[in-house]
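Following: one structure in C-alpha cells, then a few remarks.
Given the structure is predicted, the values throughout are model-derived calculations rather than measurements. This chain uses plain numbering: 1 for the first residue, then up along the sequence.
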Amino acid sequence: MSAQVSPIDLPAPEALARTLSTRLPAFQDISWTVSTGSTNADLLARARAGAAGKPWLLGTHLQETGRGRAGRPWQNRAGSTLMFSCAFDVHLPPAQLPALSPLAGIAACEALRAVAGPDAAGLCMKWPNDVQWHDAKLAGVLVETTRNPGGSEAGHTVVIGMGVNLIDADRLSLALEREVADWSQVEAASARRAAAADLVCASAMAWLEAVRTLEREGFGAFRQRFDQVDALAGRKVNVLDKGAILLAGTACGVDEQGRLLVQTPEGAKPILVGEISIRRQA
C-alpha cells in the first residue's frame, strides 16, 4: 500500500446504507450489515421466496461464507474489502443468461474507471469478470441466477456480487502466492480520492444499466466495450478446467454470446462461462 494514500474508511453499516439510499433512488431496497454468510446467497434466497420490488442492494462489512467462481470458499477480514450484491429482474431466454457474467465484469470495470479517473487506465478485466489493476486481481465478481416464482413469464433474478480489495494487497499476494491489488494502489496512480459509497453507487448503477441494455440489444452491444477493458487481448493463454489444460492459444476478444475467443491453429475456439479459468502461458 502506498504511503501517500490512506485506505478508504468503511462507515458504520447504518450510515452507509442511508447514504446509498439517498444516492440510488432506482433501488427499491438497500441495506448494509455488520456481517452475514454471503450477500449473494441472502439475495438469492429472498428472490426464491418470491419477494418483489427489485432492484435490491445488500452489503456487508464481514462475509463469513462467501463463494467465488466454481463454489470456491472466500473470506475477508472486516474493513479490508468492500462487499456488496445487487439483484435485478431479467427477462432473457435461458441461453442468454451466461452472457450476464462477462457483462457484469465489463460494467464493474467501467464503473471503477469512472470513479478513479483517466489516470487509472491500468484497471482492466480478465474474462469472464475479474477486475484487475494491471495484472493483479483487484475485485472478484460472482454472478448467479434463479428462476422467479410464477413460471416462465416471471423471468429470472440475477444477483451480481463483488468484493473490492481496499487494503492488504501485500498480505494477500503472499498468502495466495499470486499478485493481488487493492484500491489504495489505484488511488496512488490517480488524482482522485473516493469514498466507499462512490464505488458502490457507480457499480450498482452500471450493472442496472447494463442489464437493461442486454435485454434490449443483446450482448453484441458490449463487444466493443469489452475490447476497451480486455486484459487478455493478444496474449497467450491456457484454458484450464480443474487443473487440466483444455487448449492453448491467443485470446482474441469475445463473440456475440460473451464467450471468450481463443485463436488456435484450428481456428478461433469459443470458451463458455463456467468452471474454466484462464492462465497466461509462461
Side-chain angles (χ1 to χ4, degrees), residues 20 23-30 40 43-44 47 52-58 69 84-116 118 120-121 123-132 139-148 152-162 164 198-233 252-261 270-274:
L20 295 175
R23 294 178 58 177
L24 292 171
F27 281 72
Q28 302 304 301
D29 184 86
I30 294 174
N40 262 40
L43 292 185
L44 285 168
K54 301 182 194 76
W56 308 323
L57 187 152
L58 173 63
R69 284 197 306 276
F84 57 98
S85 300
C86 296
F88 308 96
D89 282 322
V90 294
H91 294 84
L92 294 167
Q96 291 186 29
L97 293 177
L100 288 162
S101 189
L103 175 91
I106 294 167
C109 188
E110 291 175 339
L112 295 181
R113 279 185 174 184
V115 173
L123 285 166
C124 54
M125 188 194 102
K126 176 186 169 188
W127 186 93
N129 52 33
D130 282 347
V131 180
Q132 298 189 160
V141 178
L142 179 63
V143 179
E144 299 177 281
T145 59
T146 185
R147 185 178 292 279
N148 288 332
S152 59
E153 294 300 317
H156 292 78
T157 293
V158 58
V159 176
I160 306 173
M162 183 163 70
V164 183
D198 298 328
L199 303 182
V200 177
C201 290
S203 302
M205 287 306 302
W207 288 332
L208 175 59
E209 292 165 4
V211 167
R212 299 297 174 250
T213 300
L214 181 67
E215 289 178 317
R216 294 192 309 268
E217 304 177 35
F219 190 83
F222 292 89
R223 290 185 71 183
Q224 187 172 2
R225 291 167 63 175
F226 176 86
D227 292 341
Q228 298 302 310
V229 299
D230 184 8
L232 296 174
C252 55
V254 289
D255 66 9
E256 293 283 337
Q257 299 175 53
R259 299 178 298 183
L260 179 70
L261 295 175
I271 308 302
L272 293 170
V273 172

Q. Going from CZ on R147 to CG on L97, what distance comes out if it is rounded to the nearest 0.5 angstrom?
A. 8.5 Å
Q | Minimum heavy-atom distance between P94 and H156, given as atom pair plus value | A | CG-CE1, 4.5 Å
Q: Please report the shortest heavy-atom distance between R225 and E110, naming the atom on each side.
A: NH2-OE1, 2.6 Å
Q) What is the minimum heavy-atom distance between N40 and L142, and which atoms define it? A) ND2-O, 3.4 Å
Q | Smallest separation among heavy atoms of L208 and A26, with atom names | A | CD2-CB, 3.9 Å
Q: Can you measure from SG (C201) to CD1 (I30) and round to the nearest 0.5 angstrom?
A: 7.5 Å
(Q) Would you compute the distance between atom CG of L100 and atom OG1 of T145 and round it to the nearest 0.5 angstrom? (A) 7.0 Å
Q: On the 0 to 90° scale, with breaks at 30° and 60°, tag the F84-W207 ring pair as parallel, tilted or perpendicular.
A: tilted
(Q) What I'd like to find out is whether the side chain of V254 reaches to under 4.5 Å of the side chain of F222, using heavy atoms alone. (A) no
**Q.** Nearest atoms (heavy-atom pairs only) where C86 meets A204
**A.** SG-CB, 3.8 Å
Q.
Tell me whether N129 contacts the main-chain N or O of A104 through its side chain, where contact means a donor paired with an acceptor under 3.5 Å.
A. no
Q) Can you name the closest pair of heavy atoms from W127 and R259 and give their distance? A) NE1-C, 4.2 Å
Q.
Do the side chains of R212 and E209 get close enough for a salt bridge, i.e. N-O under 4.0 angstrom?
A. no
Q: Look at R223 together with D230 and state whether they make a salt bridge at an N to O cut-off of under 4.0 Å.
A: no
Q) Can you find a heavy atom in the side chain of P270 that is under 4.5 Å from one in the side chain of Q257? A) no
Q.
With a sphere of 6.0 Å drawn around CD of E217, does it hold more than 12 non-hydrogen atoms of other residues, nucleotides or ligands?
A. yes
